[in-house]
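Quick note: numbers below take in every heavy atom, side chains included, and nothing from hydrogens, waters or symmetry partners. Per chain, numbering begins at 1; letters A, B, ... match sequence-line order.
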There are 2 protein chains.
Amino acid sequence: MKTTPDTEEALRLDRQICFSLHTASRAFNGVYRAVLKDFGLTYPQYLVLLVLWEDGELPVKAIGTRLRLDSGTLSPLLKRLEAIGLVERRRSTEDERSVTVRPTPEGAALRKRAHLVPHRIAAATGLSLEEIGDLQERLSALTAKLDGADLDLDPLDGCADPTH
Amino acid sequence: MKTTPDTEEALRLDRQICFSLHTASRAFNGVYRAVLKDFGLTYPQYLVLLVLWEDGELPVKAIGTRLRLDSGTLSPLLKRLEAIGLVERRRSTEDERSVTVRPTPEGAALRKRAHLVPHRIAAATGLSLEEIGDLQERLSALTAKLDGADLDLDPLDGCADPTH
DNA sequence: CACAATTCAATTGCACACAACCCAAAGACC
DNA sequence: GGTCTTTGGGTTGTGTGCAATTGAATTGTG
């Protein structure tokens with residue numbers, strides 16, 4: 001790694017990682033959009049249903065922890081899922097701050113139809129299960145790293161030389 | 001790969017790839033948000049500036065092709081960049097349908113300060129340049145595959161057996 | 001030249017995603 | 001009991017991201 005500023009190269013290189021991740025994510029989103037259209041679901045709505053199918057019933061807080069989403073995103077999303085009759089929201093009696101979400105019978109029934117989704121997505125990726133697993137592993141590690149980064153680095157030094 | 005439906009496993013496995021990609025992308029976005037706050041830029045705005053810094057001046061259409069964004073996203077974004085004085089939009093004289101975007105002197109000057117950004121981002125990833133390059137390559141390949149997928153597959157068969 | 005098809009940008013509508021706030025309920029503390 | 005703090009959801013505001021439409025300009029074709 002050079003210590004010269006090398007503005008051109010840095011700006012180009014940087015674009016590569018973040019941009020490819022950004023684009024891949026949107027491309028994936030597009031594929032999900034197409035596949036989930038038949039179910040009338042968006043991709044984040046599908047994610048919420050996945051965790052509910054697994055756990056049966058969860059408070060909003062727990063869904064947010066699982067998906068790393070806050071109430072600003074989840075509240076309206078859950079209201080939409082409730083509006084189309086797939087989930088039910090009930091304020092807990094023992095802790096009235098908490099709202100418990102669970103699939104309605106229609107929401108639970110959707111699970112049977114939804115098991116087709118992963119096959120179609122996997123086919124669209126064109127990757128083997130092994131490659132998928134590997135990529136997933138790297139991305140999870142990257143996310144953990146990014147979440148933990150505090151960014152309190154000196155603007156210039158301390159970056160190029162980790163031993164500093 | 002088994003041919004049994006295996007709903008549980010399929011739904012879980014599927015969650016892994018798409019979810020990790022989705023989460024990694026948002027985590028990256030969060031890091032950029034923190035780093036770019038000093039510049040008053042969002043991450044997509046930064047991407048637009050990157051291509052403008054490289055090419056000097058581009059029609060909206062070309063920016064969209066580079067970043068895979070359409071006018072619905074770019075039009076308001078560019079108006080914001082114009083509002084804060086970083087770019088200039090001018091309707092082309094030779095083709096009046098086209099709008100040419102280029103950095104203002106302030107926008108061009110920002111480039112010098114922005115070369116700090118990639119260092120901080122790279123540091124936050126905790127990855128070597130080699131790992132970054134490898135990941136980028138996989139993601140680009142994945143995006144290409146996803147963009148090309150037509151999804152006109154049979155819902156069930158035709159997935160597990162590529163020779164079909 | 002006239003007319004249809006295409007292209008480019010902008011706009012509208014909807015759904016995240018996140019920061020920043022508000023409020024009510026629950027705990028913690030004296 | 002009476003405050004103080006924390007916690008869980010909700011709301012608001014801003015900024016994407018994308019489908020669908022509009023409208024003007026250009027191109028293609030007879």
Side-chain angles (χ1 to χ4, degrees), chain A residues 18-19 22-34 36-37 39-48 58-65 67-84 87 89-101 143 146-147, chain B residues 18-19 22-34 36-37 39-48 58-65 67-84 87 89-101 143 146-147:
Chain A
C18 65
F19 175 66
H22 190 63
T23 307
S25 176
R26 286 190 294 124
F28 234 124
N29 207 313
V31 173
Y32 271 96
R33 191 194 324 279
L36 292 174
K37 198 165 67 174
F39 299 92
L41 292 175
T42 67
Y43 172 52
Q45 289 168 3
Y46 173 69
L47 288 179
V48 168
L58 283 174
V60 173
K61 174 72 174 180
I63 299 173
T65 303
L67 302 181
R68 295 166 186 271
L69 291 172
D70 71 354
S71 65
T73 301
L74 282 177
S75 286
L77 190 156
L78 290 171
K79 287 175 76 172
R80 276 172 222 121
L81 282 180
E82 188 178 39
I84 59 179
V87 305
R89 292 186 307 152
R90 225 185 51 237
R91 197 159 284 273
S92 167
T93 49
E94 64 230 22
D95 185 344
E96 296 222 349
R97 292 170 304 179
S98 176
V99 170
T100 302
V101 184
T143 300
L146 292 175
D147 280 346
Chain B
C18 64
F19 176 65
H22 189 63
T23 307
S25 176
R26 285 192 294 127
F28 234 125
N29 208 312
V31 173
Y32 271 97
R33 191 193 325 278
L36 292 174
K37 196 164 68 175
F39 300 92
L41 292 175
T42 67
Y43 172 52
Q45 289 167 5
Y46 173 68
L47 287 180
V48 167
L58 283 174
V60 174
K61 174 72 175 181
I63 299 173
T65 303
L67 301 181
R68 295 166 184 273
L69 291 171
D70 72 352
S71 65
T73 300
L74 283 177
S75 285
L77 189 157
L78 290 170
K79 285 173 78 171
R80 276 172 221 122
L81 282 180
E82 187 178 41
I84 59 180
V87 305
R89 293 185 307 150
R90 227 185 52 237
R91 198 159 283 274
S92 168
T93 49
E94 63 229 21
D95 186 342
E96 296 221 348
R97 293 170 305 180
S98 176
V99 169
T100 302
V101 184
T143 300
L146 292 174
D147 279 347

Atom pair distance, as rounded to whole Å: [atom1] in [X] and [atom2] in [N]:
X: L81(B); N: dG15(D); atom1: CG; atom2: C1'; value: 12 Å
X: Y32(A); N: dC16(C); atom1: OH; atom2: C1'; value: 17 Å
X: I63(A); N: dG8(D); atom1: CD1; atom2: P; value: 14 Å
X: D70(B); N: dA10(C); atom1: CG; atom2: P; value: 12 Å
X: E82(B); N: dA9(C); atom1: CD; atom2: P; value: 14 Å
X: D147(B); N: dC18(D); atom1: CG; atom2: C1'; value: 14 Å

- Item | 5' priority, DNA chain C, between K61(B) and S71(A) [closest heavy atom] |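 Nearest nucleotide further toward 5': that of K61(B).
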
Using a 4.0 Å heavy-atom cut-off across all strands, classify [X] as base, sugar-phosphate, or nothing.
X: K37(A); result: nothing
X: L69(A); result: sugar-phosphate
X: D95(A); result: sugar-phosphate
X: P76(A); result: nothing
X: T73(B); result: base
X: R80(B); result: base

Is there a side-chain polar atom (N or O) of [X] under 4.0 Å from OP1 or OP2 of [N]?
X: R26(A); N: dC18(D); answer: yes
X: K79(B); N: dT11(C); answer: yes
X: H22(B); N: dA17(C); answer: yes
X: S98(B); N: dA9(C); answer: yes
X: R89(B); N: dA10(C); answer: yes

- Query: Nearest to the side chain of E96(B), which nucleotide is it out of dG9(D), dT26(D), dA17(C)?
  - Reply: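 Between dG9(D), dT26(D), dA17(C), the one nearest the side chain of E96(B) would be dT26(D).
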
- Query: Nearest to the side chain of S75(A), which nucleotide is it out of dC16(C), dA9(C), dG10(D)?
  - Reply: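 Of the candidates, dG10(D) comes closest.
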
- Message: Between dA15(C) and T42(A), counting only base atoms on the nucleotide and side-chain atoms on the residue, is there a donor-acceptor pair under 3.5 Å?
- Response: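 No, no donor-acceptor pair under 3.5 Å.
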
Under the 3.5 angstrom rule, does the side chain of [X] hit a backbone N or O of [Y] as a donor-acceptor pair?
X: R91(A); Y: E96(A); result: yes
X: R80(A); Y: Q45(A); result: no
X: Y43(A); Y: C18(B); result: yes

- Message: Check this for me: R26(B), atom CZ, are more than 12 non-hydrogen atoms of other residues, nucleotides or ligands nearer than 6.0 Å?
- Response: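 Yes - once you tally the heavy atoms of other residues, nucleotides and ligands closer than 6.0 Å, there are more than 12.
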
- Message: Let's go through T42(B) and N29(B) carefully: what are the C-alpha distance in whole Å and the side-chain angles of both, what is the deciding distance for side chain to side chain contact (heavy atoms under 4.5 Å, CB included) to 0.1 Å, and is it a yes or a no?
- Response: CA-CA 9 Å; T42(B) 67; N29(B) 208 312; over 6 Å; no

- Item | Step-by-step side chain to side chain contact (heavy atoms under 4.5 Å, CB included) determination, F19(B) to L67(A) | CA-CA 8 Å; F19(B) 176 65; L67(A) 302 181; 3.7 Å; yes

- Query: Where each residue is assigned the nucleotide of DNA chain D containing its nearest heavy atom, which of R97(A) and L74(A) is assigned the position nearer the 5′ end?
  - Reply: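 Its nucleotide being nearer the 5' end, the pick is R97(A).
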
